[in-house]
Protein chains: 2
Amino acid sequence: MDGTASRALKTRIARRPRERGVDRVLKLFSCLQAKGGPVRLAELPHMLDAPKSTIYDLVNILAEAGLLEIRGKDSQIYFGKMMHLYGTSYLQANEIMARGREMVDVLARETGETSEFCIRHRGKQVIIHARPGSRPLRISSEIGSRIPLPWTASGRLMLSHMSLAEIDSILGPEDRAMPDGSPVDIGKFAAECQASRNMPLVKTVGMINNFTQCLAAPVTNAYGLVEATICFVLPIDVPAEKKRALEARLVKASGELSLMNTESGQAG
Amino acid sequence: MDGTASRALKTRIARRPRERGVDRVLKLFSCLQAKGGPVRLAELPHMLDAPKSTIYDLVNILAEAGLLEIRGKDSQIYFGKMMHLYGTSYLQANEIMARGREMVDVLARETGETSEFCIRHRGKQVIIHARPGSRPLRISSEIGSRIPLPWTASGRLMLSHMSLAEIDSILGPEDRAMPDGSPVDIGKFAAECQASRNMPLVKTVGMINNFTQCLAAPVTNAYGLVEATICFVLPIDVPAEKKRALEARLVKASGELSLMNTESGQAG
DNA sequence: TTGCATAGTCTTATATTTTGGACTATGTTC
DNA sequence: GAACATAGTCCAAAATATAAGACTATGCAA
């Protein structure tokens with residue numbers, strides 16, 4: 001009506017005067033996850049930059065459904081029992097994830113090193129299970145923490161089957177800078193991803209910080225796609241021999257987890 | 001405007017011409033949970049009695065957010081990785097639930113009997129973790145299955161702190177009939193609930209069917225409220241001595257799980 | 001008690017989501 | 001290849017959810 005781009009504007013640009021309930025809900029979940037613990041209901045509208053009436057309405061609906069819980073006289077909000085139940089259902093339907101979690105526990109116990117199980121969500125890797133090693137050094141690997149894919153070995157594995165265009169479309173603006181702020185060269189990064197295709201193990205040394213290195217191995221589904229990675233996070237100065245042993249152990253773990261059904265090898 | 005009950009009608013009666021996105025999402029989750037596994041996307045509008053366009057739209061949004069996953073060329077829909085992550089966050093914030101799950105595993109291993117961990121959701125109990133016993137008999141205790149509260153010992157415990165009015169408001173129409181179809185006497189049921197208050201153990205024999213009995217013990221939070229129950233599901237003919245031993249074990253487990261902080265005894 | 005701050009409820013209008021249904025795409029059968 | 005079945009996309013209109021903000025409730029301080 002008013003110009004050339006009226007349709008385009010309509011899609012998703014600029015924060016519109018009103019936002020969809022579902023979108024608000026997704027942001028709410030994401031926010032709670034980021035916080036890592038209960039948040040006061042009265043604080044949520046501010047945190048989400050959303051109207052009070054909307055948030056009170058939605059939270060009540062979600063709490064009624066058991067996806068959220070409201071606790072105490074100051075109405076602390078956090079995930080609810082149904083969220084847990086649905087999450088459990090996911091695990092039951094995805095054998096690979098359930099076994100990955102267990103494997104992390106086994107590896108950490110066996111080796112004493114910090115072990116993680118990671119998946120991809122959009123342009124980031126998400127740690128869905130982790131077990132700290134017995135070393136004093138505490139490496140920041142909280143469950144749920146998100147790291148841009150270009151920062152990690154895991155990230156390269158999880159993108160290894162994708163084209164440059166796909167990779168480019170997946171990375172958000174905030175995923176295109178390295179920890180030191182320097183921009184990611186997408187072409188080079190995509191090449192690294194593709195180079196890691198079918199590799200049993202990828203290592204990055206000092207990429208996130210100067211004190212740690214990471215060993216990552218792919219966990220593939222029945223179609224041969226990398227669904228997750230299993231990793232060790234190690235201090236930079238691990239003795240060479242120990243490192244070699246850890247690498248071998250990780251590759252073995254990866255192989256045990258991966259579902260490489262020969263029959264479905266050419267199904268995808 | 002048009003009569004006495006216009007406000008009341010506006011609230012939730014009759015399926016309105018349109019339904020809210022959030023409500024559709026909740027029904028979708030519930031439906032997937034009930035199915036217990038992936039459902040074809042094209043089938044969902046029919047299953048949910050919802051318009052195609054709406055479901056396709058919502059599913060895409062939820063899949064993009066990682067709460068659902070779309071798999072294969074026939075677009076199988078099921079819960080996604082983020083659902084699992086959020087569910088895990090719930091567990092981390094609710095120590096009691098995490099320990100309850102572990103305890104079920106311990107009890108089942110130790111005794112060889114079917115053990116369950118249950119919570120309440122509206123007028124039903126929901127099994128959030130279960131471990132089948134070593135007996136041949138398979139009792140229907142799938143994780144996620146829902147049973148009306150009046151059918152179980154657990155149900156009585158979980159309502160034990162409530163008044164008749166509260167109990168009445170919680171039970172939906174479908175929760176007011178026993179397995180044999182006979183209606184529940186709410187007054188009598190509420191009395192039974194209140195009688196189970198502070199009981200370390202409640203038993204029901206042959207209530208759901210004639211072949212099983214159930215032992216249930218309360219798991220209370222820091223405020224002394226019953227947040228969950230831990231149970232044994234046994235065949236009707238367990239030797240008396242064995243039964244006594246199981247009862248004792250369950251009470252012990254219940255005590256270990258329950259958080260009865262003396263300091264917060266009068267906080268609620 | 002008054003005044004102030006924080007929390008939560010309720011109402012009404014408008015901006016937008018939901019919806020029906022037409023349309024396209026894909027695959028299967030004859 | 002035509003006819004059909006199934007799956008998925010797109011559009012414009014109507015119905016209603018979101019949002020703004022007034023309002024009430026609660027708690028605390030002076």
Side-chain angles (χ1 to χ4, degrees), chain A residues 1-3 5-29 31 38-65 67-78 267-268, chain B residues 1-2 5-29 31 38-65 68-78 267-268:
Chain A
M1 303 293 182
D2 54 11
S6 72
R7 170 76 53 73
L9 279 171
K10 219 177 169 184
T11 48
R12 293 254 158 182
I13 305 173
R15 99 179 121 197
R16 291 165 301 173
R18 287 166 145 209
E19 201 155 343
R20 217 139 103 113
V22 185
D23 286 340
R24 292 247 121 105
V25 168
L26 296 179
K27 281 186 187 153
L28 168 52
F29 288 167
C31 168
V39 174
R40 275 181 307 120
L41 173 51
E43 208 176 350
L44 276 175
H46 185 244
M47 290 177 66
L48 296 166
D49 189 25
K52 223 172 18 163
S53 43
T54 303
I55 297 301
Y56 274 77
D57 185 30
L58 291 174
V59 166
N60 282 329
I61 290 173
L62 294 169
E64 176 72 12
L67 286 175
L68 297 182
E69 270 170 29
I70 307 177
R71 286 253 172 106
K73 66 170 186 173
D74 56 345
S75 299
Q76 299 270 356
I77 305 300
Y78 204 55
Chain B
M1 301 300 180
D2 54 11
S6 73
R7 170 76 53 73
L9 279 172
K10 218 179 169 184
T11 48
R12 296 254 158 183
I13 305 174
R15 99 178 120 198
R16 292 165 299 173
R18 289 168 143 211
E19 201 154 343
R20 213 136 101 114
V22 184
D23 286 340
R24 292 247 120 106
V25 168
L26 297 179
K27 281 187 186 153
L28 168 51
F29 289 166
C31 168
V39 174
R40 274 183 307 119
L41 173 51
E43 208 176 351
L44 276 175
H46 184 243
M47 290 177 67
L48 296 165
D49 189 25
K52 227 177 6 168
S53 42
T54 303
I55 296 302
Y56 274 77
D57 185 30
L58 291 174
V59 166
N60 282 328
I61 291 174
L62 294 169
E64 176 72 11
L68 298 181
E69 270 171 29
I70 307 177
R71 286 254 172 106
K73 65 171 187 174
D74 56 344
S75 299
Q76 298 271 356
I77 305 299
Y78 205 54

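Sequence lines set the chain letters: A, B, ... in the order given, protein chains first and strands last, and positions in each chain run from 1. Fair warning: this is a prediction, and the values are worked out from it, not measured in the lab.
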Enquirer: Asp57(B) has an atom CG; how far is it from atom C1' of dT16(C), in whole Å?
Expert: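 In whole Å, dT16(C) C1' and Asp57(B) CG are 12 Å from each other.
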
Enquirer: Would a 4.5 Å heavy-atom cut-off, applied to side chains only, mark Ile61(B) and Arg20(A) as touching?
Expert: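 When only atoms from C-beta onward are counted, Arg20(A) and Ile61(B) do touch, with a gap below 4.5 Å.
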
Enquirer: Which atom pair, heavy atoms only, marks the closest approach of Val22(B) to Gly21(A)?
Expert: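 Minimum heavy-atom contact is CG2-C, 4.1 Å.
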
Enquirer: Let's see if you can work this out: which of dT19(C), dG8(D), dA19(D) has an atom nearest to the side-chain heavy atoms of Glu19(A)?
Expert: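 Output: dA19(D).
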
Enquirer: Rounded off to whole Å, could you give me the CG-to-P distance for the Asn60(B) and dA7(D) pair?
Expert: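 So the two atoms are 16 Å apart, to the nearest Å.
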
Enquirer: Would one find a side-chain N or O of Arg40(B) under 4.0 angstrom from OP1 or OP2 of dA7(D)?
Expert: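 Yes, Arg40(B) has a side-chain N/O under 4.0 Å of OP1/OP2 on dA7(D).
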
Enquirer: May I have the distance from Met47(B) (atom CE) to dA7(D) (atom P), rounded to whole angstrom?
Expert: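 Going from Met47(B) (CE) to dA7(D) (P), I get 14 Å.
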
Enquirer: Return the nearest nucleotide to the side chain of Ala42(A); candidates are dT19(C), dG8(D), dG8(C).
Expert: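 Of the candidates, dG8(C) comes closest.
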
Enquirer: Would you say Arg24(A) reaches dA19(D)'s phosphate, i.e. side-chain N/O to OP1/OP2 under 4.0 Å?
Expert: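 Yes.
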
Enquirer: Could you tell me how far apart Ile77(A) (CD1) and dA7(C) (P) are, to the nearest whole angstrom?
Expert: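 For the pair Ile77(A) CD1 and dA7(C) P, the rounded distance is 12 Å.
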
Enquirer: Quick check on DNA chain D: between Gly21(B) and Tyr56(B), whose nearest nucleotide comes earlier from the 5' end?
Expert: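 Upstream on the strand: Tyr56(B).
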
Enquirer: What's the angle between the local helix axes at either end of the helix from dT1(C)-dA30(D) to dC30(C)-dG1(D), using five pairs per end and rounding to 10 degrees?
Expert: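 One end's axis against the other's: 30°.
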
Enquirer: What integer distance in Å separates Arg20(A):CZ from dT14(C):P?
Expert: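 Those two atoms, CZ and P, are 23 Å apart.
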
Enquirer: Using modelled atom types only, decide if a donor and an acceptor are shared between the side chain of Asn60(B) and the backbone of Tyr56(B) within a distance under 3.5 Å.
Expert: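 Answer holds: yes.
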
Enquirer: Would Phe29(A) and Leu68(A) count as a side-chain contact (heavy atoms from CB on, under 4.5 Å) here? Give the steps.
Expert: CA-CA 9 Å; Phe29(A) 288 167; Leu68(A) 297 182; 3.9 Å; yes

Enquirer: Grab the CD-C1' distance between Glu43(B) and dA5(D) for me, whole Å please.
Expert: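 It works out to 16 Å between those atoms.
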
Enquirer: To the closest 0.5 Å, what do you measure between CD1 (Ile70(A)) and CG (Leu62(A))?
Expert: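 So the gap between those two atoms works out to 9.5 Å.
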
Enquirer: Please report the closest heavy-atom contact between Val39(B) and Met47(B), naming both atoms and the distance.
Expert: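 Closest approach of Val39(B) to Met47(B), heavy atoms only: CG1-SD, 3.4 Å.
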
Enquirer: If you take atom types as modelled and just measure distance, does the side chain of Arg18(B) reach the base of dA14(D) with a donor-acceptor pair under 3.5 Å?
Expert: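 It does, because a donor-acceptor pair links the side chain of Arg18(B) to the base of dA14(D) below 3.5 Å.
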
Enquirer: Below the 4.0 Å mark, does dG8(C) have OP1 or OP2 next to a side-chain nitrogen or oxygen of Ser75(A)?
Expert: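 Checking Ser75(A) against dG8(C): at least one side-chain N or O falls below 4.0 Å of OP1 or OP2.
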
Enquirer: Does some side-chain heavy atom of Leu41(A) sit less than 4.5 Å from a side-chain heavy atom of Asp74(A)?
Expert: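 The answer is no, as the side chains (C-beta and beyond) never meet within the 4.5 Å cut-off.
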
Enquirer: Return yes if the base of dG20(C) and the side-chain atoms of Ser53(B) contain a donor-acceptor N/O pair under 3.5 Å, otherwise no.
Expert: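 Pair found.
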
Enquirer: Between Asp74(B) (CG) and dA5(D) (P), how many Å, whole number?
Expert: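 Taking atom P of dA5(D) as the reference, CG of Asp74(B) is at 20 Å.
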
Enquirer: Below 3.5 Å, does any donor atom in the side chain of Lys52(A) face an acceptor in the base of dG8(C), or the other way round?
Expert: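 Such a pair is found, so the answer is yes.
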
Enquirer: Once you round it to whole Å, what is the distance between P of dT6(C) and CD of Gln76(A)?
Expert: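 In whole Å, dT6(C) P lies 17 Å from Gln76(A) CD.
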
